[in-house]
Amino acid sequence: MTTSRNDAITIAAVGDFMLERRPAPADIEAVRPLFEGADLVVANVDTVLSEQGTPVPKWANLNGPRAIGADLKAMGIHAVAMANNHTMDFRAEGMLDTCRAYDEVGLRHAGSGANLAAACAPAIVDIRGQRVAILSMASTLPPESAAGPNWPGIAPIRVRYAFVIDESLMAEQPGTGAEVRTWLDERDLARARADVASARESADVVLVVLHWGVPAPWRAPSHAILQDYQRPLAHALIDAGADAVIGNHAHELHGVELYQGRPIAYCLGNFWIDTIALYPWMGKESIVVRLMVGADGPPEAEVMPVFLDEAGVPRPDPKARATSVLNRLSRELGAGIEEREGRFRVRAR
């Protein structure tokens, strides 16, 4: 499959949606310009769009009206990544009904299904003769959420972990948090690599959307923002054939990296959180990542900074606060944001 740079397509990716009520029509129209010029817009939606199913015992169960699917379509969203820690909040019934809600309005979706094969299958979108494969995977796995050979769920990338205790520091400062070491389940990693390689064989562009990482309230202040497993996982997926890796879940911006020239955004932050007043710790700086993809080299990546208002609705940010955050967090990853003529491009340092 080959394409010239002149026929390059633009893919936009946005961060977490948490919509528990239908958005106002005026807000939908205000968001549409953020996607102007994009051939394909991919979003992560953290909300079950169904009244079916019973809640799984967990910290938070999120659901909203099925009609939100039509609202997402009206915003300009084309595809939804469903492998996240809320898709199975209302068990298989809620997840499968959400899939139907997306199907009814023509939204492609990936990352969940009636069994592991369905959950791991890519969503395929054809754009001007180019075939784009979108895979969605999650390391955030509440009880009963991981799909299996014969049971429904989301595409899992399991992470193993251990605790390291500094005995001398604990004696000096009782209550000090233990360091958490993480590493990937090798079987899930091998399956994920195979899924990417398979998609690569038949697609011009392969995009992987990952739900991973730890939000700030659950991360000890002395610990690294990125967990041990995240960079190895992103690198492995690009080595397997992914053109870009897009991360979500932490509800705050994390850094960007270029690996083999291909972009990795570790967390895009929040995009639309209609209950943001309940979560004062959530970041309001966010980005729309735009990937310009052709055949002659890796995708070119740029970001559009946005800032969530008090109602959790994304607005253009003339102060470009997100770019300052990204430059600080990306420095140790060897990347940064370069501004030129009002555009913010991801560049290696």
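Just so it is clear, the values below take in all heavy atoms, side chains as well, and ignore hydrogens, waters and symmetry mates.
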> May I ask you to say whether Arg290 pairs ionically with Glu300, meaning some side-chain N is under 4.0 Å from a carboxylate O?
no

> Which heavy atom of Ala155 sits nearest a heavy atom of Cys120, and at what distance?
CB-SG, 4.0 Å

> Show your working on side-chain contact (heavy atoms from CB on, under 4.5 Å) between Asn150 and Asn115 and close with a plain yes or no.
CA-CA 5 Å; Asn150 301 303; Asn115 51 46; over 6 Å; no

> Which heavy atom of Leu34 sits nearest to which heavy atom of Pro316, and what is that distance?
CD2-CG, 3.9 Å

> With a 4.5 Å heavy-atom cut-off, do Arg131 and Ile124 have their side chains touching?
yes

> In the hydrophobic cluster built from side-chain contacts under 4.5 Å, what are the other members alongside Val214?
Met18, Trp59, Leu62, Trp218, Ile273, Ile276, Leu278, Tyr279, Trp281, Met282, Leu308

> Which residues satisfy the ring pair (Phe, Tyr, Trp, His ring centres under 6.0 Å) test with Tyr259, sequence neighbours excluded?
His235

> If we only count heavy atoms from C-beta on, is the Ser168 to Gln173 side-chain gap below 4.5 Å?
no

> Between Ser50 (side chain) and Thr98 (backbone), is there a donor-acceptor pair under 3.5 Å?
no

> Going through the checks in order, is the side-chain contact (heavy atoms from CB on, under 4.5 Å) test met by Leu116 and Trp151?
CA-CA 7 Å; Leu116 184 61; Trp151 60 87; over 6 Å; no

> Quick one: closest heavy-atom pair of Ile134 and Ala79, and the distance?
CD1-CB, 3.7 Å

> Would you please name every residue forming a ring pair (Phe, Tyr, Trp, His ring centres under 6.0 Å) with Phe271, sequence neighbours left out?
Phe17, Phe35

> Grouping I, L, V, M, F, W and Y whenever their side-chain heavy atoms are under 4.5 Å apart, do Val48 and Leu107 come out in a common cluster?
no

> Is any side-chain N of the basic residue among Arg219 and Glu252 closer than 4.0 Å to the acidic one's carboxylate O?
yes

> Counting only heavy atoms not in Glu339 (residues, nucleotides, ligands), do more than 12 fall under 6.0 Å from its CD?
yes

> Nearest 0.5 Å, please: how far is NE2 in His211 from OG1 in Thr140?
4.5 Å

> Okay, side chain of Lys73, backbone of Gly106: is any donor-acceptor separation there less than 3.5 Å?
yes

> Starting from the C-alpha separation in whole Å, work towards a yes-or-no answer on side-chain contact (heavy atoms from CB on, under 4.5 Å) for Leu210 and Ile246.
CA-CA 6 Å; Leu210 284 170; Ile246 301 297; over 6 Å; no

> For residues 162-204, which residue pairs qualify under ring-ring contact (aromatic ring centres under 6.0 Å, His included), counting only residues two or more places apart or in two chains?
Tyr161-Phe163

> Could you tell me if the side chain of Arg160 sits less than 4.5 Å from the side chain of Asp185, heavy atoms only?
yes

> Looking at Thr54, is its backbone amide N or carbonyl O close enough to the side chain of Arg91 to form a donor-acceptor pair, meaning the two atoms are under 3.5 Å apart?
yes

> Looking at Asp243 and Leu207, would you say the former's side chain and the latter's main chain have a donor-acceptor pair under 3.5 Å?
no

> Are the side chain of Thr10 and the backbone of Asp39 linked by a donor-acceptor contact shorter than 3.5 Å?
no

> Any side-chain donor-acceptor pair under 3.5 Å between Asp46 and His86?
no

> Got more than 12 heavy atoms from elsewhere within 6.0 Å of NZ, Lys58?
yes

> Begin from the C-alpha positions of Gln260 and Asp239 and carry the test side-chain contact (heavy atoms from CB on, under 4.5 Å) through to its verdict.
CA-CA 8 Å; Gln260 308 288 11; Asp239 287 339; 3.8 Å; yes

> Should Asp309 and Lys284 count as an ion pair when the cut-off is N to O under 4.0 Å?
no

> Under the side-chain contact (heavy atoms from CB on, under 4.5 Å) rule, collect the residues that match up with Ala322, sequence neighbours excluded.
Leu253, Glu285, Ile287, Pro305

> I want to check something: taking the side chain as every heavy atom from C-beta on, are Leu184 and Gln230 in contact at a cut-off of under 4.5 Å?
no

> Backbone N or O of Asn63 within a donor-acceptor pair of the Asp89 side chain at under 3.5 Å?
no

> Measuring from Glu167:CD to Glu172:CD, what's the distance to the nearest 0.5 Å?
14.0 Å

> Got a salt bridge between Asp71 and Arg21, using NZ or NE/NH1/NH2 to carboxylate O under 4.0 Å?
no

> Please name all residues satisfying salt bridge (Lys or Arg N to Asp or Glu O under 4.0 Å) with Glu29, sequence neighbours left out, ordered by chain then number.
none

> Between Arg231 and Leu226, is there a side-chain heavy-atom distance shorter than 4.5 Å?
yes

> Rounded to the nearest 0.5 Å, what's the gap from CZ on Phe344 to CD1 on Ile337? Could you check?
9.0 Å

> Atom CG in Asn84, atom OG in Ser112: separation rounded to 0.5 Å?
8.5 Å

> Report the distance from atom CG of Asp195 to atom OG of Ser136, rounding to the nearest 0.5 Å.
11.5 Å

> Is the shortest heavy-atom distance from the side chain of Arg108 to the side chain of His78 under 4.5 Å?
no

> Ser145 side chain to Pro142 main-chain N or O, any donor-acceptor pair under 3.5 Å?
yes

> Using the rule that Ile, Leu, Val, Met, Phe, Trp and Tyr join whenever any side-chain heavy atoms are under 4.5 Å apart, tell me whether Val42 and Ile77 fall into a single cluster.
no

> So Met137 and Val208, do their side chains get closer than 4.5 Å, heavy atoms only?
yes

> Minimum heavy-atom separation for Gly69 to Leu49, with atom names?
N-CD1, 3.6 Å

> Determine whether Arg193 and Asp188 satisfy the following criterion, salt bridge (Lys or Arg N to Asp or Glu O under 4.0 Å), listing intermediate values before the conclusion.
CA-CA 9 Å; Arg193 287 173 57 89; Asp188 283 355; over 6 Å; no

> Distance-only, no hydrogens or angles: does the Trp272 side chain make a donor-acceptor pair with backbone N or O of Pro23 under 3.5 Å?
no

> If you compare all heavy atoms of Val56 against all heavy atoms of Pro143, which two are closest, and at what distance to 0.1 Å?
CG1-O, 3.8 Å

> Salt bridge between Glu338 and Arg345, side-chain N to carboxylate O under 4.0 Å?
no

> Should Leu258 and Val209 be regarded as members of a common hydrophobic cluster, given that ILVMFWY residues are connected when their side-chain heavy atoms come within less than 4.5 Å of each other, either directly or indirectly?
yes

> Any non-hydrogen side-chain atom of Ile11 less than 4.5 Å from a side-chain atom of Val132?
yes

> So how far is it from Ile154 CD1 to Leu141 CG, rounded to the nearest 0.5 Å?
5.0 Å

> Is there a path from Phe90 to Val45 through hydrophobic residues (I, L, V, M, F, W, Y) whose side chains come within less than 4.5 Å of each other?
no

> Can you tell me if Trp212 uses its side chain to pair, donor with acceptor, with the backbone of Ala250 under 3.5 Å?
no

> Between Arg100 and Asp97, is there a salt bridge with N-O shorter than 4.0 Å?
yes

> If you measure only the distance, is there a donor-acceptor pair under 3.5 Å linking the side chains of His249 and Asn44?
no

> Give me the atom names and distance for the closest heavy-atom approach of Leu135 to Ala199.
CD1-CB, 4.0 Å

> Tell me whether Leu189 is reachable from Tyr229 by hopping between hydrophobic residues (I, L, V, M, F, W, Y) whose side-chain heavy atoms are closer than 4.5 Å.
yes

> Would you find a donor on one side and an acceptor on the other, under 3.5 Å apart, between the side chain of Thr87 and the backbone of Met95?
no

